[in-house]
Amino acid sequence: MTAKTLYDKLWESHVVHQEADGTALIWIDRHLVHEVTSPQAFEGLKLAGRKPWRVQSILAVPDHNVPTTDRSHGIADPVSRLQVETLDQNCADFGVTEFKMNDTRQGIVHVIGPEQGATLPGMTVVCGDSHTSTHGAFGALAHGIGTSEVEHVLATQCLVAKKSKAMLVRVEGQLQKGVTAKDIALAVIGKIGTAGGTGYAIEFAGSAIRALSMEGRMTLCNMAIEAGARAGMVAVDETTIDYVKGRPFSPTADQWNAAVAYWRTLHSDEGASFDAVIELKAEEIQPQVTWGTSPEMVVGVDGRVPDLSQAKDDVQRGDWERAYAYMGIEANMPISDIRVDKVFIGSCTNSRIEDLRAAAVVARGKKVAANVKLAMVVPGSGLVKAQAEAEGLDKVFKDAGFEWREPGCSMCLAMNADRLEPGERCASTSNRNFEGRQGQGGRTHLVSPEMAAAAAIAGHFVDVRQIV
Amino acid sequence: MQAFTTLNGLVAPLDRANVDTDAIIPKQFLKSIKRSGFGPNAFDEWRYLDHGEPGMDNSVRPLNPDFVLNQPRFQGASVLLTRENFGCGSSREHAPWALLDYGFRAIIAPSFADIFFNNCFKNGILPIRMDAAIVDELFREVAANEGYRLTIDLEKQTVTTPSGRSIAFDVDAHRKYCLLNGFDDIGLTLRHVDEIRAFEAKYRIEQPWLFNQ
C-alpha cells in the first residue's frame, strides 16, 4: 500500500464524484458562516427556491461588523447593522444555528468553531473567509471559499475542487523562550514568500510543531493563507484529542471512542511523499516583526529594514520602495527604533486564551508607554473573555492601561468602528499588514501577542526574549 | 453567469506584484448585501484622493491623476495586465465583483492567489496565467502603443497581440466548459444528486458522530 499524506487521507475520504480532468465534488462536513460573505449566497438560494442540503452542518455568527464597546444599544453604523440583521434573518428563515451578537458564545468564527467542538479532526471545514485554514490545526481539511461557493455548499453540501499539491513544512527543535507559533508562521512566510504556498496544501510537522498547544497550531494554520496556501494542517495527536474532548458539539460515549480510533489514523504515513519540503530549525527562529505592506516583508526583531540591494528583482524593488514610503520608514533602520501609536491584541490569529495569558505575563505590573495612544485587547469570543476574567487577566491589562473589549474581528480589518487613522502605526497580532487593512493610511506591523504587549509597554519594538 | 467566449479588449497595465483583495475593494464596501455596484469603488484607495465610504457620490470625488486606471488612454479597458500573486489575501468575492462591474473580463498575470483565481471563474472573468517574461513584454508593448488591445479566444486558448503573435494559455477543462457556456456550478453539481445522496448515506454509517449537530 502506498504511503499517504494526511492531505491524501482527508481528500480521499471526502470525494463524492470526480471528473476526468481531476475536478471533484468533495463533501463538506462543517460550514461556518459570518455576516459579510453570506448575504448574497442566501439571497441566491432564496431566488432559486433552494434550501440548505444539511442545515445541521452550518454554524453562523456575526463577527466582522460587531462593536467591541458597549453593545446594549446595538450597532451604530446603519450599514453594518443591516448586514448583521440580514444574517439573523437568513438564519431564522432557514433554521440555521446562530450565536447572535449578545450570546455569550459569540466570537470570531475561527475561534468559536474549535471552542464549541464544531471543528473536529477528519472534517472538511469551509467558510467564506480565507482564515478558515485555522481549522486545519485539528487534522481537518479546511479552507476559505468565495460567496458563490458558500451558496454552492449550502445547496449541495459539496464543493467543486481540484486536489492541491502537498507541501511539508518541518520545524525541528525547541523554540526559544518568547518565540511563538506566530513567529514560526512569519518566519515561514519570510522564507517562501506570500505566493510560496500557492497551489499547495501545507502540512506543518516536526518536533517544534508537536510541542505546540492547539492554540499555537491554530495560529500557525491560520497564517497558511498568508503564505498562499488555502489549507494548512497538523496531524492529530493526544494534544488534539485532549482539546476536543468534552466540548458542546463533540461526540460522547461510544461515538467518542469510535471517533478517536479513526482520528488516530489522521497523520502522514512514514515515507509519504510531498511535492515540496521546507525545513526550519526552531532554535534559529527569532521573534518576528513585519516592516512593510506584505507579510513576507518580515525580519527578526534584532534585524533592520532591508535595503534595495537585497531585493531579488525590479518588481520587488518597486514593491519595497512603495512599502518604505507607505510605512514611513527607511532602509537599514533597526526594527527596535520603530515607535508605535497603537497596539492591537486580537484577531482570529491571536485572540485565544493562551494568547491573552502570554500577553498578560508581559503587561503585568507595567504601564503602557506615554506615546501609545491606544492599546486594546479584544478576546476572540465571549467564552475566552469570561475565562480571561476568571483568571484576572482583564485586571492585569486594565491596570497596565490597556482597553478590555468585547469579542469580534475588530481592528484586524477595521470593518467596525475600531481602526487606525492615516499615518498611525500599530503593533498588531493580526494577520495582514496590507495598505489600508487597519484603516486607510494606517501602518501595521505584525507580531506575536508577547511582542505586541512588550511594544505597548516600551512604546517601540523590543526583543521579548529579554523580558520573559 | 455571463459566458466568456472571445474578447477583443483594451489593455490596462497595473505594474505591481501582490495586489491584494483589500486593495481591489476596501473593507468598508463589503458591508453591502448586494452583488452589484462595486465597480466605482474598485481600487478605491489608489483611485481617489479622498476617503471613500458606502453611499458617497463617486462621480464627484477627486481622482488620483497618478493612478494608472485614471489615465484617459486606459478608459474602457476590459483586460487587466498585472504582476505575480494578484488577488492575494482575503477570500472576498467582492473583488471579482468589483473588477467585473468596472469592466474587466480578463486578467493576465504570471500568477494569481488560489481563492481569487477560483472566484473569477464563478463570475465570468477569465484569469490567464502567463510566463513572467511574456508578461514583461506585454507591459512594454502596452506602454509603447496607445490603444493597445489583445484578442482572447477561450475556445482556442490563445491571446493574440496586435502584431498577430499568438500566445497559448492553459485552463482547466471543467472551468473552461463552465465559462464558455456561462454555467454556474450548482446546476451542474445537482446532476450528481444521486451520488451525493449515496455518499451521505454511507458516510453517516461510517462516521455517525459527524451527524449529531
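Chain letters run A, B, ... following the sequence lines, proteins first and then strands; every chain starts at 1.
With a 4.5 Å cut-off on non-hydrogen atoms, A:Thr147 touches chain B through its backbone and its side chain both. Looking at A:Val15, only its backbone comes within 4.5 Å of chain B, counting heavy atoms on both sides. Contact of A:Val79 with chain B is made through backbone and side chain together, with heavy-atom distances under 4.5 Å. Contact annotation for B:Glu206: neither backbone nor side-chain heavy atoms come within less than 4.5 Å of a heavy atom of chain A. Of the atoms belonging to A:Arg437, heavy atoms from both backbone and side chain fall under 4.5 Å from chain B. Using a 4.5 Å cut-off between heavy atoms, B:Gln207 touches chain A through its side chain atoms alone. In this structure, chain B has no heavy atom under 4.5 Å from any part of A:Asn431. Contacts of B:Asn119 with chain A are made by side-chain atoms alone, with heavy-atom separations under 4.5 Å and no backbone atom involved. Contact annotation for A:Trp53: only side-chain heavy atoms (C-beta onward) come within less than 4.5 Å of a heavy atom of chain B. Interface remark: B:Ser90 contributes backbone and side-chain atoms alike to the contact with chain A (heavy atom separation under 4.5 Å).
Ranked by heavy-atom pairs shorter than 4.5 Å toward chain B, the options A:Pro295, A:Gly436, A:Ala155 are led by A:Gly436. Of the residues considered (B:Ile115, B:Ile33, B:Leu188, B:Leu190), B:Ile33 shows the highest number of contacts with chain A, using heavy-atom pairs under 4.5 Å. Of the listed residues (A:Pro39, A:Gly146, A:Ala229, A:Gly22), the one with the most heavy-atom contacts under 4.5 Å to chain B is A:Gly146. Annotation: maximal heavy-atom pairing with chain B below 4.5 Å, among A:Gln157, A:Lys162, A:Gln316, occurs at A:Lys162. With chain B as the partner, the residue from A:Arg322, A:Glu435, A:Glu43 showing the most heavy-atom pairs under 4.5 Å is A:Arg322. Of the residues considered (A:Val315, A:Asp319, A:Thr37), A:Asp319 shows the highest number of contacts with chain B, using heavy-atom pairs under 4.5 Å. When the candidates B:Arg35, B:Lys122, B:Glu45, B:Met1 are compared by the number of heavy-atom contacts under 4.5 Å with chain A, B:Glu45 comes out ahead. Taking A:Glu151, A:Glu226, A:His64 one by one and counting their heavy-atom pairs under 4.5 Å with chain B, the maximum is reached by A:Glu151.
Side-chain atoms of A:His17 and B:Glu195 form a donor-acceptor pair, as typed in the model, at a separation below 3.5 Å. Counted by atom type alone, B:Tyr203 and A:Asp29 present one or more donor-acceptor pairs between their side chains at under 3.5 Å. A donor-acceptor contact under 3.5 angstrom links the side chains of B:Glu93 and A:Ser148, judged on distance only. For the 3.5 Å distance criterion, the side chains of A:Glu149 and B:Asn118 qualify, holding a donor opposite an acceptor. Side-chain polar atoms of A:Gln40 and B:Trp97 form no donor-acceptor pair below 3.5 angstrom.
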Can you list the steps and then say if B:Glu84 with A:Thr198 is a side chain to side chain contact (heavy atoms under 4.5 Å, CB included)?
CA-CA 11 Å; B:Glu84 65 196 33; A:Thr198 303; over 6 Å; no
Would B:His192 and A:Leu25 count as a side chain to side chain contact (heavy atoms under 4.5 Å, CB included) if you check the C-alpha gap in whole Å, the side-chain angles of each, and the deciding distance to 0.1 Å?
CA-CA 9 Å; B:His192 302 291; A:Leu25 283 179; 4.0 Å; yes
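Among residues two or more places apart in sequence or in another chain, the side chain to side chain donor-acceptor pair (under 3.5 Å) test is passed with A:Gln438 by A:Ser428, A:Thr444. The side chain to side chain donor-acceptor pair (under 3.5 Å) check on B:Gln71 picks up nothing, with sequence neighbours excluded.
Contact of the A:Met415 side chain with the B:Leu30 side chain is registered, since non-hydrogen atoms from C-beta on lie closer than 4.5 Å.
Within 6.0 Å of the CG atom in A:Asp254, the count of heavy atoms belonging to other residues, nucleotides or ligands does not exceed 12. More than 12 non-hydrogen atoms from other residues, nucleotides or ligands lie less than 6.0 angstrom from NZ of A:Lys46. Other residues, nucleotides and ligands contribute over 12 non-hydrogen atoms within 6.0 Å of the CG atom of A:Asp313.
For the side chain to side chain contact (heavy atoms under 4.5 Å, CB included) criterion with B:Leu210, the lone passing option out of A:Arg54, A:Met123, A:Arg30 is A:Met123.
A:Asp21 places a side-chain N or O within 3.5 Å of a backbone atom of B:His174 that can act as its donor or acceptor partner.
Note: B:Asp44 CG to A:Gln440 CD = 7.0 Å, rounded to the nearest 0.5 Å.
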List the atom pairs, with distances to 0.1 Å, where a side-chain N or O of residues 125-139 of chain B and a protein N or O form a donor-acceptor pair under 3.5 Å, not counting sequence neighbours.
{"from": "B:Asp136", "atom 1": "OD1", "to": "B:Arg83", "atom 2": "NH1", "distance (Å)": "2.7"}
{"from": "B:Asp136", "atom 1": "OD1", "to": "B:Arg83", "atom 2": "NH2", "distance (Å)": "3.3"}
{"from": "B:Glu137", "atom 1": "OE1", "to": "B:Arg165", "atom 2": "NH1", "distance (Å)": "2.6"}

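Residues of residues 13-29 of chain B having a heavy atom under 4.5 Å from any heavy atom of chain A, listed by number: B:Asp15, B:Arg16, B:Ala17, B:Asn18, B:Asp20, B:Asp22, B:Lys27.
Using a 4.0 Å cut-off between a side-chain N of Lys or Arg and a carboxylate O of Asp or Glu, A:Glu19 and B:Arg175 do not qualify as a salt bridge.
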